[in-house]
Amino acid sequence: MTALRIAGGTVVTHEAAFRADILIRGERIAAILGPDEPAEATETIDAAGLHILPGAIDVHVHFREPGFAWKETWASGTRAAAAGGVTTVFEMPNTDPATATPDSVAAKIAHAQPQAYVDFGVYGLLSEASLPHLAEMRAAGAVAFKLFLGSDNPRTPCPSDGAVLEAFEALAGLGLRTTIHAENTPILKWREARLKAAGRRDFAAHLEMHADIAAVEATCRAALFAEWTGAKIHIAHESCRHSVPWIAHAKARGVDITAETCPHYLLLSTADEARLPGSFLRVKPPLRGPEHAEPLWRALLDGTIDMISTDHAPHLPAEKARESMWEVAPGFPGVETSMPLMLAQVSAGRMTLSDYVRRSAFNAARAFGLFPRKGLIAPGSDADLVLVDMARRGEVRAASLHSLGNATPFEGFALHGLPVRTLVRGRTVALEGRALDAAGWGRNVAA
Ligand code: DOR
């Protein structure tokens, strides 16, 4: 078996940063060594001056296959992940067909496997039709379930409250977490019809449709159903400061609820319309006013929001550039830019590297049953590691991203601190911001 020593770096965990070498045997961390501690190694990576972090775990990406391969494929999406320091991704079920049956879960995993550069999980769709098949979908390899409480997509419809409650009863028994797009569909649909009837097609109408109360209500309802049933839930892409106290309240009541937010809700707002066409900024849930970012940061740092995901939603630039806001494809690519953008925040003094690791990897691994295999730098854990150069500076450039749908809203953002090498289970899958040839190395974490 090969033995790889990563020598001379600073190891960063969720609670500390310290000088140490890492010994990797095969796919796992074998030992954490003092700098001069001897060990048999067949290869050494010089990490002098670098920090070594657990690879990021992004529990919210859309890789678009089957159905929309021009926006992203499993190969292009996992290359982007590798280049961005992300070693595990969970992929969403709003493909075509949706990942809504045991067979479609199995088919997606079979399709993803030979393309994947990083480890992955596949979400099963929680719908009225999938309700009788949740256990079979888990058996087919689903890592978790996705529930669209806010949906205008006929392939991923919002189930009735009756079905959601029954699903939560079933999922409490199965033990898998459900990630929830928490918006109230009847409110969204009602407002959309009103706004369209009034001839509105501007960016502000998007926010008026996705009113704060639609997010708050769905978050509270989901938390209440989770408390009632014992189901584990995860609030996706938190964008609204008014939901934060309700998540904290549910946690205080003992609900098994976790939450994520994304770089675009922390770093962008409606004020970015001064910089980019408003319609380009369309994303669901929406970018809200600038007053939301600070409360989201506070919640991220005090633990109310547990983790950073990306809602990586690649679209082609032409799909983001349509004239009517209603026709513009919602969402942004994010899996490759998340770590660099957050490291820039570390460099700016917003948080420590350990704060970041807790929110980029440790908490996600714990919430979704991957811990201590992932999210931890310790003997026995998978050698999913990112070497980071905190002195390195750069800029976000759409043209250098690996995603097919590379229409980033962060073009030109200054970066300070970059991932320079990504290892997945001991194998280097990206170097200096470029993915290496490692298709097929990724594994389904729920296998
Ligand atoms: O803006 C979004 N885009 N929000 C979602 O929930 C889905 C995503 C997509 O798939 O494009």
Side-chain angles (χ1 to χ4, degrees), residues 58-74 76-77 80 89-100 108 122-123 125-127 144-158 178-185 188-189 192 203 205-207 209-210 214-215 218-219 222 234-240 243 259-265 268-270 272 276 278-288 309-322 325-335 338 403-410:
D58 187 343
V59 301
H60 194 154
V61 304
H62 300 265
F63 282 167
R64 307 302 193 196
E65 283 187 296
F68 308 96
W70 67 89
K71 295 172 191 272
E72 196 75 296
T73 63
W74 274 88
S76 63
V89 291
F90 288 6
E91 206 269 344
M92 285 294 169
N94 60 333
T95 45
D96 188 12
T99 323
K108 187 179 267 191
V122 162
Y123 278 102
L125 179 73
L126 198 170
S127 69
F145 285 90
K146 176 68 184 287
L147 167 61
F148 288 91
L149 285 184
S151 175
D152 59 3
N153 180 346
R155 277 185 301 273
T156 58
C158 173
T178 301
T179 293
I180 301 172
H181 182 126
E183 289 188 283
N184 175 309
T185 292
L188 301 187
K189 286 194 166 159
E192 181 180 12
F203 179 50
H206 180 60
L207 184 53
M209 172 182 163
H210 293 265
T219 303
H234 177 68
I235 303 298
H237 41 44
E238 186 52 72
S239 62
C240 181
S243 294
E260 64 184 37
T261 190
C262 313
H264 47 277
Y265 299 119
L268 305 178
S269 73
T270 49
D272 285 272
L276 284 167
S279 51
F280 182 95
L281 294 170
R282 187 176 192 221
V283 58
K284 299 175 182 180
L287 298 182
R288 302 181 195 273
S309 72
T310 64
D311 189 10
H312 177 81
H315 300 287
L316 297 184
E319 296 171 316
K320 296 289 294 175
R322 295 178 184 137
M325 177 274 294
W326 303 112
E327 304 300 322
V328 170
F332 316 118
V335 75
S338 181
S403 280
L404 303 181
N406 63 359
T408 175
F410 297 109

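Ligands are counted one by one from 1 in listed order, and the atoms in each one are counted from 1 as well. Just so you know, these numbers use all the heavy atoms, side chains as well, and skip hydrogens, waters and symmetry mates. FYI, the numbering just counts along the sequence from 1.
Look at K108 and E65 and you find no salt bridge, because none of the NZ, NE, NH1 or NH2 atoms lies under 4.0 Å from a carboxylate O. Salt bridge D311/K284: absent, no basic N to carboxylate O contact under 4.0 Å.
Interface of H315 with ligand 1, defined as ligand atoms under 4.0 Å from a residue heavy atom, comprises 11 (O). Atoms of ligand 1 lying under 4.0 Å from any heavy atom of H181, numbered from 1 in the order shown and given with element: 6 (O). Of all atoms in ligand 1, numbered sequentially from 1 with element shown, those under 4.0 Å from a heavy atom of R64 are 9 (C), 10 (O), 11 (O). Atoms of ligand 1 found under 4.0 Å from any heavy atom of G331 (numbered from 1 in listed order, with element): 1 (O). Less than 4.0 angstrom separates some heavy atom of A313 from each of these atoms of ligand 1: 3 (N), 8 (C), 9 (C), 11 (O). Each of the atoms 4 (N) of ligand 1 lies under 4.0 Å from some heavy atom of D311.
At a heavy-atom cutoff of 4.0 Å, ligand 1 is contacted by no atom of R282, backbone or side chain. Contacts with ligand 1 closer than 4.0 Å are made by no heavy atom of M92, backbone or side chain.
For F63 and H312, the ring centers sit closer than 6.0 Å to each other.
Side chain of D272 to main chain of S269: a donor-acceptor pair is present (N/O by atom type, distance under 3.5 Å, no hydrogens or angles). For the pair S151 (side chain) and F148 (backbone), a donor-acceptor distance under 3.5 Å is absent. Side-chain atoms of K320 come within 3.5 Å of backbone atoms of F280 as a donor-acceptor pair (strictly under, hydrogens ignored).
The protein heavy-atom contact nearest to atom 4 (N) of ligand 1 is K284 O, 2.7 Å. At the shortest separation from atom 3 (N) of ligand 1 among protein heavy atoms lies P330 O, 3.0 Å.
The minimum heavy-atom distance between G331 and H315, with the atom names listed, is O-CD2, 3.7 Å.
Relative orientation of the Y123 and F90 rings is perpendicular, given thresholds of 30° and 60° on the angle between their planes.
The shortest N/O to N/O separation between V283 and ligand 1 does not fall below 3.5 Å.
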